[in-house]
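Below: the structure, in structure tokens.
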Amino acid sequence: MINWRFGLALALGSQAVNTAQADPHDARVAWAALLRAAHVVVPAGSGCEGDYGQKGPARLGDVLAMQLAYMHAGENAIVGRCDAQGCRVELNRRAGEDVSSARIDFNLRDGRLQTASLRCVITP
């Protein structure tokens, strides 16, 4: 079960996830854009590339499926937002000593994810 009040600091020195001020509407907008782009091939150099159990090149949906699959236990937070600087979705998980996070940044144009803007910071 997801605990919406829990936040973790991203391991690469980013700001802590602020779930106290998280707005589900903002998260919905960002998530809707990501889900609409699930078929997009992950661009090289984005930080999102990897082996997510897929056949062929990784797609954004493969990244999301892997991150969400590991949120089955522990304390988890999912937040998202879009503003003038772009969109960000953060998934953070802690189960005992097992801590992981993913931050996905991207820009929208006409409500669609701009593939060239896709950036990820994924920690084990």
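All values reported here derive from a predicted model rather than from experimental measurement.
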Donor-acceptor check, side chain of Arg93 to backbone of Val99, threshold 3.5 angstrom: yes or no?
no
With side chains defined as the heavy atoms from C-beta onward, is the minimum distance between Leu35 and Leu64 less than 4.5 Å?
yes
Could you tell me which residues satisfy side chain to side chain contact (heavy atoms under 4.5 Å, CB included) with Gln54, sequence neighbours excluded, listed by chain and number?
Asp51, Tyr52, Ala58, Asp62
Using a 3.5 Å distance criterion without hydrogens, assess whether the side chain of Asn76 forms a donor-acceptor pair with backbone atoms of Met71.
yes
With a 3.5 Å cut-off and no angle check, do the side chains of Ser101 and Thr123 form a donor-acceptor pair?
yes
Min side-chain heavy-atom separation Val42-Thr115 under 4.5 Å
no
Report yes or no: do Val29 and Val79 belong to one cluster of Ile/Leu/Val/Met/Phe/Trp/Tyr joined by side chain heavy-atom distances under 4.5 Å?
no
Are the side chains of Cys82 and Asp26 in contact, using a 4.5 Å heavy-atom criterion?
no
Are Leu68 and Val40 in one and the same hydrophobic cluster, where Ile, Leu, Val, Met, Phe, Trp and Tyr link if side-chain heavy atoms are under 4.5 Å apart?
no
Nearest heavy-atom pair of Arg59 and Ala38: which atoms, and what distance?
CB-O, 3.5 Å
Ile104 vs Gln67 side-chain heavy atoms within contact, under 4.5 Å
no
Could you tell me if the side chain of Val89 sits less than 4.5 Å from the side chain of Asp105, heavy atoms only?
no
Would you confirm whether Gln85, through its side chain, and Asp83, through its main-chain N or O, come within 3.5 Å as a donor-acceptor pair?
no
Can you tell me if Gln114 uses its side chain to pair, donor with acceptor, with the backbone of Arg112 under 3.5 Å?
yes
Just wondering, do Arg103 and Ile122 contact through their side chains at under 4.5 Å, heavy atoms?
no
Exercise: identify the closest heavy-atom pair between Val63 and Cys48:
CG2-O, 3.7 Å
Looking only at non-hydrogen atoms, find the nearest pair between Leu113 and Ala33 and report the distance.
CB-O, 4.5 Å
Side-chain touch Tyr70/Leu91, heavy atoms, less than 4.5 angstrom:
no
Nearest heavy-atom pair of Gly45 and Glu49: which atoms, and what distance?
N-OE2, 3.0 Å
